[in-house]
**Student:** 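Before I ask anything, let me first share the structure, which is written out below as structure tokens.
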Number of protein chains: 2
Amino acid sequence: MSNIRKVAELAGVSVATVSRSLATPEMVSPKTRAKVLDAVERAGYRPNQMAVKFRSQRTHNLVVLVPTIANTFYARVISGIQETARKAGYSVLLCNTQGQDEVERDYARLVSSRQADGIIQLRAFNPFSDDDPTPPMVNACELLDNAPCPTVGIDNRGATYELTRHLIELGHRRIAMIQGPGQSPLTRERNAGYQEALEAAGLEADPGLFLPGNFTPRSGFEAARHLVDHANRPTAVVCESDEMAIGAVQCFKEAGLRVPGDISVAGFDDIEFASFIDPPLTTISQPAERFGQEAVARLIEVIEGKRNVTPHQTLPHRLVIRRSTAAAPPR
Amino acid sequence: MSNIRKVAELAGVSVATVSRSLATPEMVSPKTRAKVLDAVERAGYRPNQMAVKFRSQRTHNLVVLVPTIANTFYARVISGIQETARKAGYSVLLCNTQGQDEVERDYARLVSSRQADGIIQLRAFNPFSDDDPTPPMVNACELLDNAPCPTVGIDNRGATYELTRHLIELGHRRIAMIQGPGQSPLTRERNAGYQEALEAAGLEADPGLFLPGNFTPRSGFEAARHLVDHANRPTAVVCESDEMAIGAVQCFKEAGLRVPGDISVAGFDDIEFASFIDPPLTTISQPAERFGQEAVARLIEVIEGKRNVTPHQTLPHRLVIRRSTAAAPPR
DNA sequence: TATCGCGCTGTAACCGGTTACAATTTTATT
DNA sequence: AATAAAATTGTAACCGGTTACAGCGCGATA
């Protein structure tokens, strides 16, 4: 494999001149540069990036911790990350962690061992111990409570409030909630928005209508099964993800209920399938790709030592009303 | 940041001894090792992996070229890649290429510039020029015709043959096909399986029932629209992806057709949503995670210089019959 | 006691670039 | 033509590990 010394020999110049011809061509006379470029060509020389990175102590790699890539919402966030990183000359080390703390700590070591310059965490977990100073990090989507780094998110509480209010305005009085994973601040925020909307309307939250889920279609399906059999069945369900909403809709239909005739279902995320199922889902649209773009932009600012990086960014969400929600059935 | 020389000084030994205490502890006396480990602890020393990689000329990084991560089938493949790579001590550089040749060539340079040891290509495109020797590479899912490297795939032709035959056995005589992207060998293989099944049953393929698509729900929806208005509407449709099948089903339902009462729809891939829509999709199940696992296993064999790496692996598929296909309506 | 072998440790070269600094050549100025 | 200034090029240190090779200390053997 040819290296810079071989090229220098071929061109009859020093290694410094070769390096400069490639990195800072304006420092080299046109004649010399031509000689070097020719030698580079003849030798089929490509600088060894490992050497460059080692020398410069900058890897231009970013670690991305994602709980599950199989969720299309995260897939879109990753697309945004990837695209922005590429434009800025960074590569993405993708780490699918299944939400396991230990795996995340493991991957976070890619930064401490200098295989990456920074890390984007899409889950509410700090993979670094609280005592050592946090390396360049950005937390997006599912936010830590006291994040030691910039964060990028939406107003989950407000969005769920709007979604719930939409159902209340349609006349629903008994509204169930299929939640995300229990420990997540994101779940907590969405739950809070739901409850605030109920309270604002003078409705009482029935603990029996609070079902656990984990964002997958299957968990939505299972949760919905409890509602089908419920003695005093709700007329509407708010789901904390579209995937769960799709599972829930399927369960209701199999049980012979009409959506939204008998029961309205609302989702969260606005994944692509949300408009391609029957009925198309009412949901909260989140700018998934933009999460990724902004997270990378902030992270690079931190890496490059910019001061006063925006500590928290709230991106806009949008209530998208489709046909899975309708007026409450007369009682 | 502390380095090996600081640790050596702290422990009162040479750098070689520090290196050996960590890499090959059996070469060092227990007493010295203890001293070194203590110094490592006190210095908060973590070996700089860039230096290690540079020195060893092995990055333990794998590049993965994926046309689109937003497709849940690829997301599952990537999960499999990730998991296997992690176990083998490799990191994954994920590259979402949108199927753009130039972008793929660009990312492939990560290998030539030694930022990665090998590459997994999930699309039928060789990002390296034919003349230079191909670096460690494995081609999975969508296979190149004359791949210069090991491949991992399923029997697309056979699978589509089975799927089509299933419809024929249900009495369908006019069967449409919503295809994948035109240039792909995968599309070609699936088309061939479809046509062979028709021929074997003595049916003639109607070119008007061959609709283009690109694997997205939207393209399935659009293609289905042509069928709805067709003068001599088919009674069944084979789709080359579940996503398109879901789009097609939605289109038919919106047009007032019953699935499968008026028209049967079959998909391909068996994504998670396939069983959570109405009606649940008949489809071909592919071992997506296993694609990733096997691809990584083969790639590492190539990287580590193993001889006689299996040149082609065909993984098993399975016809999954659900409720989106049924007997052809009486005419 | 001299010699050998073994286990452990140290010295220094090396991987392939970048860059501070010195040396040399070219250009400008008088 | 002499000199100063600017532009170009070269030398060698450096990044932080790994490892070939050499050296040392100690017990075993003759």
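Residue numbers begin at 1 in each chain, while the letters A, B, ... track the order of the sequences. Note that the structure is a prediction, hence the values are computed from the model and not measured.
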**Student:** Quick check for you: name the first and last nucleotides of DNA chain D, 5' to 3', having an atom under 4.0 Å from a heavy atom of chain A.
**Tutor:**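 The footprint of chain A covers D:dT8 to D:dG16.
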
**Student:** Salt bridge or not between B:R86 and B:E83? Use side-chain N to carboxylate O under 4.0 Å.
**Tutor:**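 The answer is no: the pair does not qualify as a salt bridge.
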
**Student:** Counting only heavy atoms not in B:Q100, do more than 12 fall under 6.0 Å of its CD?
**Tutor:** yes

**Student:** Whether B:E9 and B:R5 form a salt bridge (side-chain N of Lys/Arg under 4.0 Å from carboxylate O of Asp/Glu) is what I want to check.
**Tutor:**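 Looking at B:E9 together with B:R5, the answer is no, because their closest N to O distance does not fall below 4.0 Å.
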
**Student:** By nearest heavy atom, map A:T32 and B:I4 onto DNA chain D; which one lands nearer the 5' end?
**Tutor:** A:T32

**Student:** Using a heavy-atom distance cut-off of less than 4.0 Å, which residues of residues 13-20 of chain A contact DNA chain C?
**Tutor:** A:A16, A:S19, A:R20

**Student:** Within the 4.0 Å heavy-atom criterion, would you say B:Q49 contacts the bases, only the backbone, or no part of the nucleic acid?
**Tutor:**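 No contact.
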
**Student:** So, are B:R109 and B:D106 salt-bridged, with charged N and O less than 4.0 Å apart?
**Tutor:**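 Yes, B:R109 and B:D106 are salt-bridged.
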
**Student:** Assuming nearest nucleotide by heavy-atom distance, tell me which of A:E26 and A:F54 is located more 5' along DNA chain D.
**Tutor:** A:E26

**Student:** Can you confirm whether more than 12 heavy atoms, excluding those of A:E41, are under 6.0 Å from its CD atom?
**Tutor:**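 Check fails, neighbour count at 12 or below.
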
**Student:** Using the test ring pair (Phe, Tyr, Trp, His ring centres under 6.0 Å), find all partners of B:Y90 that sit at least two apart in sequence or belong to another chain.
**Tutor:** B:H60

**Student:** Counting neighbours of NZ on B:K306 that are heavy atoms of other residues, nucleotides or ligands and sit closer than 6.0 Å, is the number greater than 12?
**Tutor:**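 Atom NZ in B:K306 is packed in, count exceeds 12.
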
**Student:** So if I apply the side-chain contact (heavy atoms from CB on, under 4.5 Å) rule between B:V111 and each of B:T134, B:V63, B:D117, which one comes out positive?
**Tutor:**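 Among the candidates, only B:V63 passes.
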
